[in-house]
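Heavy atoms only: backbone and side chains are in, while hydrogens, waters and symmetry mates are out. Not measured: the values here are computed from a predicted model. A, B, ... follow the sequence lines: proteins, then strands. Residue 1 opens every chain.
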Amino acid sequence: MTREKRFGALAADARWQAAWAAADSFRAHDDGDKPKYYVLEMFPYPSGRIHVGHVRNYTMGDVLARFKRMTGHDVLHPMGWDAFGMPAENAAMEKGVHPGGWTRDNIAAMRGQLKRLGLAIDWSRELATCEPDYYGQEQALFLDLHAAGLVMRKESYVNWDPVDMTVLANEQVIDGRGWRSGALVEKKKLSQWFLKITDFADELLDGLGALDQWPDKVRLMQENWIGKSQGMEFSFRFVGGEPAFDVFTTRPDTLFGASFAAISPDHPLAAKIAENAPDLADFIAHCRRQGTSAAEVETADKLGFDTGLAVENPINPNQHLPVWVVNYVLMDYGTGAIFGCPAHDQRDLDFARKYELPVIRVVADGDDSDAHFTSDTAFTGAGPIVNSHFLNGMSIDAAKAAIIARAEHDDWGRDTTVWRLRDWGVSRQRYWGTPIPFIHCPACGVVPVPKDQLPVVLPEDVTFDVPGNPLERHMSWKHVACPACGGAAVRETDTLDTFVDSSWYFLRFASAPADRPFDAETVKKWLPVGQYIGGIEHAILHLLYARFWTRALAKIGLIDVKEPFAALFTQGMVTHETYRRTGTNEPVAMDGEGDFERDNAPSVKWLSPDEVEKRDGGVFERATGAPVEVGRVVKMSKSKKNVVDPDAMIEQYGADAVRWFMLSDSPPERDLPWSEAGIEGAWRFVQRLWRLFGQAEQTGEGGDDVALARKLHQAIAGIAGDVEALHFNKAVARVHALANDVEKAAPSASRAQACAALVRLVAPMMPHLAEEAWAGLPPELRETLLVADAAWPVADPALLVDDSVTIAIQVMGKLRDTITLAKGLDRDAIEAAALAAPRIAALIAGTTLKKVIVVPDRLVNIVL
RNA sequence: GCGGAUGUGGCGGAACCGGUAGACGCAGCAGACUUAAAAUCUGCUAUCCUUUUGGGUGUGCGGGUUCGAGUCCCGCCGUCCGCACCA
């Protein structure tokens, strides 16, 4: 074929994407002898269009997948759609389209965009969570978990929007109002489905220790989220002996320092007392109105209401503690009640000072063991116990053990572990989600749908002209016969939280039989995922839920893996400069993806990158010529208009230039600032490589060029190591450096080999360019039809080390000269050469050498 | 408040186990080619002093350890992220 002077990316992209599809290049094989490797990127929500963040995410995974293929692995690299969720319903309400049609159209559009990136994906395994063949299997798993006792129903409060007649997530409640309707949100008690993730709290916490290929940050976040606290739970009795309430404490050692007992405004006891105490009822109502935002909590005063009741301190029944209702005690942690020990807890101290309650020291602070505590800063450090009878002199830990032993012996308290982690409420009063496969029968109660009646298909003939969940109004779907008694019954109209859908999709990718969720044997071949890549925003919920499902399914014997993701990588965001023109009056924007932006002042008009032009050292609005202020580099968002459409970029520069730019410069875990100059630079490099690849047959007169061969082989090993470690920016730098070296070298057999080898080295990152160049190589240089099937070059160990080294010579730690010596010389030889170097000899002439430090093959430091 | 990360040229960043700081890229400057432009190629590009040679300074700030510190230790400062009245 005649070689084009320029690499025509657009035509080449399409040609090679078609060639891979025709050859079925990226099908993952369940059988075969090759080692298996599972590369997974978090599957996208089909919002409509791919954004640059997706491109970065999937490019990284793709480079790893292609590299693993070249190094002899059978690679599973699948793609699918997290297709249920609210935006589809919002679109339905706003635009009058059907959520299903909207979602499926989006999937089709986004699939096309992903394919134009040239991703090495096994599309035969594609799935969408909104299709019955997926969610039907999810229903089956849900029934299995239910049968195993891991699913339960209980009453729980939800945020209820009375205008939209819908339940809102916490993030959708802004200043107490529904984000869409603006109506005041009510707390509504509903009977809901829960998954018993708390049964696995210990396991999920312990399991983090083995996840050594996860970022410490994520492990720590999960640890905090699970929030294990060990302490003591004990019961108070009212003065006179009537049982009062239970409290939890992590500091039982300070019980002798108690000066009051406090219960939450939401505590049942508070409600009971309030029945006959209007003042308290008012106080409780006041507390409930209190904001829960970070700033409000920070500044909120400690408020209390003295009930007039008193309880006995169980360790010292003669001491009576007043019972207060207190705004800083939370009902949903521990037992919703505490004992207050002001000397050793800052909150209790603030409270005690305000209401003039006693403050008794029970832990000595150095020499200070005075029971009368005077500071306004609680002492939370270590020290011997004081003023505490039989605990005196003990360490905190010993005192804890002693008092728990006493409490257990006397039967008023026990050793307890409390978790921050709550059971996972999975009910959503929403249409566009997985129907929960249960039926409510007036006679039999809540009855599971028999498995042979699965899937419970979500009816598509619904409308959104009336507020509320259309499933509630769909009579032919809702009304069914009870599977147990055959009587009239109704279906559960709640659907599952979409986090359930994403908690097992990686199993379905590995194995997707038609008649069950997955095949355990096949799952075992692929799992755990070798490398999982996604955004840090999923550090807690998705990753914790996926770990929980995997463990739960393992516990009930469906799979043989406990942790789904052996290695996790959280990539940074793609950012961009912002442009704004001040002085205009634009309404505040609301992000279509549900990002409610409240921080931009109404007088600012944001401009998109293609609405501005850079000239004469300034930035101006294209339409008006008005000067534009260049703002901070921030995450791309619709409201700031600093988004770049990847499709347009691929169209303009080709997939490989876009991929290359995504991998360049910024380390993958950090934010990547998108710039016009950067993508153009990537495009120029694609063209430069193309020209270089054309020289793979120019051997010139020269024979071997050992220096260049060394550089090539060092690059082979270096790039492999960098890609394996996901240090793509370093791999990119090495490719650049090697290309520079090859370009500068005189024609030789070695140079021709390097040109040919470079094709393979860039194949994972720039696959279309590589295929095009590969096809142009002489047949004897390519053992496969496609470079996608070629092997990674083998680095020759003999060429990985240089035969000469540059040695730095320092005098008193300052660099004064360098010399080039043969590698591996002994210390004496190096020292002699260093001292003989002309500039050094001049510097040290007439002085006495105190010491000469020689680091072989590296440096010499002369101490005068 | 608690926990974590991070700080290197105009910019993104590199630097192994403490051993030549600034690789590679972007931007910029100068030159070559061209009627011209684009493209491409070549060179320069931390900073200060010096004509050059060369020298001083320099990895957020202040100390310390060491023959030698971006890297280790102590104390600050800034930025970002997570959690947050969690008993």
What's the gap between [N] and [M] when it is taken at their [atom1] atoms, as a whole Å value?
N: B:rA30; M: B:rG82; atom1: C1'; value: 50 Å
N: B:rU51; M: B:rC44; atom1: P; value: 23 Å
N: B:rC29; M: B:rG22; atom1: P; value: 25 Å
N: B:rC24; M: B:rU42; atom1: P; value: 13 Å
N: B:rC80; M: B:rU66; atom1: C1'; value: 33 Å
N: B:rG19; M: B:rG70; atom1: C1'; value: 13 Å
N: B:rU65; M: B:rG10; atom1: P; value: 32 Å
N: B:rC48; M: B:rG43; atom1: C1'; value: 24 Å

Nucleotide nearest [X] (side chain, heavy atoms from C-beta), chosen from [options]:
X: A:Tyr328; options: B:rC67, B:rA87, B:rC85; value: B:rC85
X: A:Lys744; options: B:rG43, B:rC85, B:rA87; value: B:rG43
X: A:Ser229; options: B:rA87, B:rG55, B:rC85; value: B:rA87

**Prompt:** What residue pairs, at least two apart or across chains, pass salt bridge (Lys or Arg N to Asp or Glu O under 4.0 Å) with a residue in residues 337-350 of chain A?
**Reply:** A:Asp345-A:Arg347
**Request:** Name the residue closer to the 5' end of RNA chain B, choosing between A:Ile536 and A:Thr249 according to the nucleotide with the nearest heavy atom.
**Result:**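 Checking each residue's closest nucleotide, the 5'-ward one belongs to A:Ile536.
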Between [X] ([atom1]) and [N] ([atom2]), how many Å, whole number?
X: A:Arg816; N: B:rG55; atom1: CZ; atom2: C1'; value: 8 Å
X: A:Glu537; N: B:rC83; atom1: CD; atom2: C1'; value: 17 Å
X: A:Asp216; N: B:rC81; atom1: CG; atom2: P; value: 20 Å
X: A:Gln230; N: B:rC86; atom1: CD; atom2: P; value: 18 Å
X: A:Ile540; N: B:rG3; atom1: CD1; atom2: P; value: 17 Å
X: A:Leu220; N: B:rG4; atom1: CG; atom2: P; value: 7 Å
X: A:Asp246; N: B:rA87; atom1: CG; atom2: P; value: 18 Å
X: A:Phe339; N: B:rA87; atom1: CZ; atom2: P; value: 12 Å

**Asked** Does the side chain of A:Asp423 come under 3.5 Å of the side chain of A:Thr198 through a donor N or O and an acceptor N or O?
**Response**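 Result is yes, a qualifying pair exists.
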**Set of salt bridge (Lys or Arg N to Asp or Glu O under 4.0 Å) partners for A:Arg422, sequence neighbours left out** = none
**Request:** Not counting sequence neighbours, which residues clear salt bridge (Lys or Arg N to Asp or Glu O under 4.0 Å) with A:Asp671? List them please.
**Result:**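 Partners of A:Asp671 under the salt bridge (Lys or Arg N to Asp or Glu O under 4.0 Å) test: none.
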**Item:** Pair A:Asp802 + A:Lys823, salt bridge at N-O below 4.0 Å
**Value:** no
**Prompt:** Is there a Watson-Crick or G-U wobble partner for B:rC29 with both distances under 3.5 Å, and if so, which one is it?
**Reply:**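 The base-pairing partner of B:rC29, which may sit in any strand shown, is B:rG43.
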**Prompt:** Using purine N1 to pyrimidine N3 plus N6-O4 or O6-N4 for Watson-Crick, or N1-O2 and O6-N3 for G-U wobble, both under 3.5 Å, which nucleotide pairs with B:rA5?
**Reply:**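 B:rU79 is the nucleotide pairing with B:rA5.
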**Message:** Both conditions, 6.0 Å and 45 degrees, for the charged tip of A:Arg6 above the ring of A:Trp690: are they met here?
**Reply:** no
**Request:** Tell me whether the guanidinium CZ or amine NZ of A:Lys302 lies under 6.0 angstrom from the six-membered ring centre of A:Phe351 and within 45° of its axis.
**Result:**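 No, cation not above the ring by the 6.0 Å, 45° rule.
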**Asked** What residues, two or more places apart in sequence or in another chain, satisfy side chain to side chain donor-acceptor pair (under 3.5 Å) together with A:His713?
**Response** none
**Request:** State which residues pass side chain to side chain donor-acceptor pair (under 3.5 Å) with A:Arg219; sequence neighbours excluded, sorted by chain then number.
**Result:**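 Testing A:Arg219 for side chain to side chain donor-acceptor pair (under 3.5 Å), a comparison that skips the adjacent residues, returns A:Asp216.
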**Prompt:** Hey, does A:Arg422 reach any base, or is it just sugar-phosphate, or nothing, if we go heavy atoms under 4.0 Å?
**Reply:** nothing
**Message:** Using a heavy-atom cut-off of 4.0 Å across all strands, would you classify A:Arg219 as base, sugar-phosphate, or nothing?
**Reply:** nothing
**Request:** Report yes or no: is there a donor-acceptor pair, N or O only, under 3.5 Å between the side chain of A:Lys850 and the base of B:rC67?
**Result:**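 There is none.
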**Request:** Spell out protein contact along nucleotides 11-27 of chain B as letters: B when the base is contacted, S when just the sugar-phosphate is, - when no protein heavy atom is under 4.0 Å; keep the 5' to 3' order.
**Result:** -BSSSB--BB--BSSSS
**Asked** Using the purine O4'-C1'-N9-C4 or pyrimidine O4'-C1'-N1-C2 torsion, is B:rC17 syn (within 90° of 0) or anti?
**Response** syn
**Prompt:** How should the glycosidic conformation of B:rG9 be described, syn or anti, under the criterion that syn lies within 90° of 0?
**Reply:**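 This nucleotide is in syn.
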**Prompt:** Is A:Lys851 near enough to B:rC67 that one of its side-chain N or O atoms lies under 4.0 angstrom from OP1 or OP2?
**Reply:** yes
